[in-house]
Amino acid sequence: MTLDIKSTIVNSLKSVLADELSAEQITKLLEVPKTSKLGDYAFPTFILAKSRHHAPQKIAAELAEQIDPTPYEKIAATGAYINFFLDKGEFAEAMLHEIISAGNHYGDDNVGQQGNVPIDMSSPNIAKPMSMGHLRSTVIGNSLANILTKIGYQPIKINYLGDWGTQFGKLIVGYHKWGSEEAIKADPIGNLLKYYVQFHEAAEEDPELNDEGRAWFKKLEDGDPEATHLWKWFRGLSLAEFQKIYDRLGITFDSFNGEAYYNDKMDPVVDELAAKGLLEKSQGAQIVNLTAENLTPALIKRTDGATLYITRDLAAAIDRYNKFHFVKSLYVVGSEQTEHFKQLKAVLKKMGDDWADDIIHVPFGLITKDGKKLSTRKGNVVLLDQVLDEAVGLAKEQISAKNPALANANQVAAQVGVGAVVFHDLKNDRMDSFDFSLGEVVRFEGETGPYVQYSNARAQSILRKAQQDVDLNGTLTLVDPAAWDTLKALADFPATILRAAREYEPSVIAKYALRLAKTFNKYYANSKILVVDDQLNARLALVQATSQVLTQALSLLGVQAPIEM
RNA sequence: GGAGCAGUAGCUCAGCAGGAUAGAGCAACGGUCUUCUAAACCGUAGGUCGAGAGUUCGAAUCUCUCCUGCUCCA
């Protein structure tokens with residue numbers, strides 16, 4: 001649809017420009033004006049000024065005269081631009097028919113051709129609470145999975161849990177010293193975290209504790225039954241706690257293979273590196289030299305023989321490739337790890353794995369609290385669960401105040417509260433860092449998730465009151481100029497999805513949803529939908545199409561769209 | 001010391017591959033609920049787009065230098 005219009009305009013211009021510009025050049029120059037008042041498409045004539053030795057304004061006026069206006073509502077020269085106004089009725093009919101008949105498949109594409117795309121996302125640390133910091137990776141990854149599914153990819157959501165490391169030795173020591181089974185059962189993560197913090201405080205006084213911790217971790221590595229049992233127990237309880245949050249967010253995973261899963265898969269990687277002559281000794285450690293790539297060396301094995309993060313990640317990357325033969329492998333991980341992923345790709349490249357090029361780090365900015373990085377150990381945390389509780393509570397209050405008769409108030413409060421938090425995290429460019437502010441995150445007015453949800457609920461309310469379904473064979477030629485911006489926004493949805501996918505940027509969808517909601521709010525606030533005239537069916541079609549697309553857009557973000565609120 | 005990211009209205013941010021008077025939201029001020037849910041709509045006010053050079057008919061947008069903040073590496 002959109003493409004057809006563009007090529008129509010290009011042909012119109014081509015007919016009066018002859019050989020001055022190619023169709024490709026014209027297509028490239030064609031732009032969308034800032035406001036609909038100026039037109040729907042515009043062609044700037046600056047480029048013709050030199051060859052024609054005329055002022056661009058004059059050229060625009062002349063050309064506008066020459067073009068056959070039949071396919072358009074009108075053509076107007078404004079300044080140096082030739083502005084094309086589309087035939088509103090015709091456009092409306094085509095768009096509304098397409099959107100409503102496609103239903104939830106409007107905007108679908110198959111550029112992905114069913115290619116597998118593992119997405120490394122969320123990845124919280126066992127025995128530590130999930131903070132606002134983990135939300136970003138979780139919701140960005142989830143949204144990207146939704147977006148990629150829509151355009152024909154097959155995402156595989158992998159929760160690469162932080163379930164291995166020396167901290168488990170410390171936890172075991174802490175548990176033995178201060179813990180009890182009852183306490184752990186009552187509040188698993190809370191108490192495990194307490195032991196961990198306590199351990200660090202105690203170790204300041206008594207450094208021997210660190211040795212004890214190391215010894216227990218060694219036991220764990222060697223498969224000691226007690227250590228293994230405790231580790232499994234801690235891991236299982238933590239996971240169950242995480243699952244509660246994932247349930248609230250409505251997010252599922254295809255794999256929970258965390259760091260521990262790769263314990264026995266690292267030696268082969270180290271062997272392969274050695275066999276390919278890539279390992280070098282440096283100050284006792286084993287490294288891969290990356291000076292040629294302008295990177296710091298990748299530390300594969302420490303002086304004491306312990307493997308490092310990158311070794312595990314290499315094993316994981318290779319494992320994922322062998323399992324999925326991915327077309328892309330995404331890592332939704334904070335921007336502070338950019339260097340790490342460059343190293344990872346560089347080492348894989350050196351190993352001869354061309355698919356390293358398909359590894360894509362999707363970085364995001366840092367959430368801080370009072371300007372400082374969140375740190376569980378320093379107690380500078382914002383617990384995700386608490387933020388969600390807060391948001392849902394506020395949504396509940398809002399409902400009591402504004403719509404006390406609402407039937408399923410608790411469910412809607414959850415949808416709105418959680419939606420507000422998730423949408424807030426997704427609406428800005430991934431790379432933007434922001435300082436956490438509860439008031440900002442749980443806002444329901446202005447450019448927020450609830451604003452979009454509310455717009456949709458209003459649309460649904462109108463449709464309910466209409467007492468009649470949209471007739472696809474009836475009149476769809478909506479000619480009301482007040483509806484024009486909404487109509488054009490609806491037409492932008494497919495291209496918006498592709499752009500969001502291309503840039504791995506859910507905020508593109510969030511901003512689109514806000515724009516659509518805004519233009520729709522403006523429309524229905526000023527125009528009565530439910531009046532009986534020959535345009536009623538067309539107006540209802542617009543309302544339905546808008547609700548459909550808003551719901552879809554929110555769903556791509558992982559946000560629910562209640563039909564009443 | 002090296003690298004990455006960022007710097008647009010009082011605050012939080014848009015501005016897609018350079019184009020028509022730089023746009024929203026929040027906060028402020030003023031309007032709109034007997035009429036499809038006021039979580040909304042309308043209006044007023046608010047900006048040397050960090051600084052300087054360059055490319056271009058044209059730069060918030062591209063290039064370079066510098067300044068500031070955050071992050072990472074050593």
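Computed from heavy atoms alone, side chains included, the values below leave out hydrogens, waters and symmetry copies. In this text the structure is predicted, and so the values were computed from the model without any measurement. In what follows, every chain begins at residue 1, and chains take the letters A, B, ... in the order their sequences are listed.
Nearest nucleotide to the side chain of A:Asn428, out of B:A14, B:C73, B:C41: B:A14. Closest to the side chain of A:Ala525, from the set B:A20, B:C41, B:A24, is B:C41. Proximity note for A:Leu366 (side chain, C-beta onward) versus B:C36, B:U71, B:C57: the nearest is B:U71. Of the candidates B:A14, B:C26, B:U37, the closest approach to any side-chain atom of A:Arg443 belongs to B:C26. Candidate nucleotides B:G4, B:C36, B:U37 were compared by shortest atom distance to the side chain of A:Met565, and B:U37 ranks first. Distances were taken from every side-chain heavy atom of A:Ile462 (C-beta onward) to each of B:A39, B:C36, B:A20; the shortest belongs to B:C36. Listed nucleotides: B:G15, B:A3, B:C36. Nearest to the side chain of A:Glu339: B:A3.
In this structure, A:Val416 reaches the bases: a heavy-atom distance under 4.0 Å links it to at least one base atom across the strands shown. Residue A:Lys528 is classed as a base contact, given a heavy-atom separation below 4.0 Å to a base. Note on A:Ser527: a base of the nucleic acid sits closer than 4.0 angstrom, heavy atoms only. Using a 4.0 Å heavy-atom cutoff across all strands shown, A:Ala42 reaches at least one base atom of the nucleic acid. Note on A:Asn456: nothing from the nucleic acid sits closer than 4.0 angstrom, heavy atoms only. Using a 4.0 Å heavy-atom criterion, one finds that A:Ser433 contacts the sugar-phosphate atoms exclusively.
A:Asp389 has a carboxylate O that lies under 4.0 Å from a charged side-chain N of A:Arg248, or vice versa, which qualifies the two as a salt bridge. Between A:Lys511 and A:Glu447, none of the side-chain N atoms (NZ, or NE/NH1/NH2) sits under 4.0 Å from a carboxylate O, so this pair counts as no salt bridge.
Checking A:Lys128 against A:Gln167 by side-chain atom types alone, no donor-acceptor pair falls below 3.5 Å.
Side-chain atoms of A:Arg136 come within 3.5 Å of backbone N or O of A:Asp425 as a donor-acceptor pair.
The two residues A:Glu503 and A:Val508 come nearest to each other via the heavy atoms OE1-CG2, 4.0 Å.
For residues 22-36 of chain A, proximity to RNA chain B is found at A:Glu31, A:Pro33, A:Lys34, defined as any non-hydrogen atom under 4.0 angstrom from a strand atom.
The base of B:A6 is not paired with the side chain of A:Asp429 by any donor and acceptor separated by under 3.5 Å.
Comparing the same atom, C1', in B:C42 and in B:A3 gives a spacing of 50 Å after rounding to whole Å.
In this pair, A:Phe341 and A:His361 present their aromatic rings parallel. The plane angle is below 30°, not in the 30 to 60° band.
A:Lys522 has a side-chain polar atom (N or O) that falls below the 4.0 Å cut-off from OP1 or OP2 of B:C42. A sub-4.0 Å separation between OP1 or OP2 of B:U37 and a side-chain N or O of A:Lys465 is present. Taking only side-chain nitrogens and oxygens, A:Lys402 comes nearer than 4.0 Å to OP1 or OP2 of B:A39. One finds a side-chain N or O of A:Lys373 lying less than 4.0 angstrom from the OP1 or OP2 phosphate oxygen of B:C72.
Under the side chain to side chain donor-acceptor pair (under 3.5 Å) criterion, A:Arg430 pairs with no residue at all, not counting sequence neighbours. Remark: A:Thr311 engages no residue in a side chain to side chain donor-acceptor pair (under 3.5 Å) (not counting sequence neighbours).
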